[in-house]
Amino acid sequence: MIVMDIKWISPLGDGGLYVLNTGKWRTFRPVIDKEKCTDCATCAHYCPVQAMRKDLKDKDSRLYIDLSYCKGCGICEVECPRKAITMVREEVM
Ligand code: SF4
Ligand code: SF4
């Protein structure tokens, strides 16, 4: 299983490396049903902004979504083999 412990998305721009808070706005957000989720990390492989996280220092840590980066694209919902992710409309932020 590959789960990346990436804390920042840091593209290279004119001003050098900078951090993008890609989850600042979105229309929908993913919610993981912990009863259905098997922690397989398939969703992490498909997420275009690498919003899936796991605490690598905690062996019991389960995968979760860092909403600071999630764009609400819904790819994880489609790709989850267990149908454990549901997109719900985002509240006004
Ligand atoms: S793909 Fe689905 S079952 Fe696998 S870790 Fe993600 S939410 Fe859980
Ligand atoms: S909705 Fe899109 S951006 Fe958000 S966690 Fe799922 S795949 Fe990643």
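Order of listing sets the numbers, starting from 1, for every ligand and every atom in it.
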- request: Run the numbers for me: atoms of ligand 1, each under 4.0 Å from some heavy atom of Ala41, listed by number.
  value: 4 (Fe), 5 (S)
statement: Heavy-atom proximity to atom 8 (Fe) of ligand 1 ranks first, among Ala84, Cys80, Cys37, Cys40, for Cys37
- request: Using a cut-off of 2.8 Å, count how many protein N, O or S atoms are strictly closer to atom 8 (Fe) of ligand 2.
  value: 1
message: Suppose I only count heavy atoms of Asp39 and a 4.0 Å limit; which atoms of ligand 1 are within that range?
response: 5 (S), 8 (Fe)
task: Count the heavy atoms of every other residue, nucleotide or ligand shown that sit under 6.0 Å from OH of Tyr64, and state whether that count exceeds 12.
output: yes
query: Just which atoms of ligand 1 are under 4.0 Å from any heavy atom in Pro81?
result: 1 (S)
- line: One finds that the ligand 1 atoms under 4.0 Å from a non-hydrogen atom of Thr42 are 1 (S)
- request: Decide, yes or no, whether a salt bridge links Lys54 with Asp39 under the criterion of side-chain N to carboxylate O below 4.0 Å.
  value: yes
query: Nearest to atom 3 (S) of ligand 1, what protein heavy atom do you find, and at what distance?
result: Thr38 N, 3.4 Å
statement: Ile85 heavy atoms within 4.0 Å reach ligand 1 at atoms 7 (S)
- prompt: In Å, rounded to the nearest 0.5 Å, how long is the span from CZ of Arg26 to CZ of Arg89?
  reply: 13.0 Å
Any side-chain heavy-atom pair of Met52 and Cys76 under 4.5 Å: yes
message: I'd like to check which ligand 2 atoms, numbered from 1 as shown, lie under 4.0 Å from a non-hydrogen atom of Gly74.
response: 1 (S), 2 (Fe)
- request: Could you tell me whether the side chain of Glu79 and the main chain of Tyr46 form a donor-acceptor pair under 3.5 Å?
  value: no
field: side chain to side chain contact (heavy atoms under 4.5 Å, CB included) partners of Asp58, counting only residues at least two apart
entry: Asp55, Asp60, Ser61
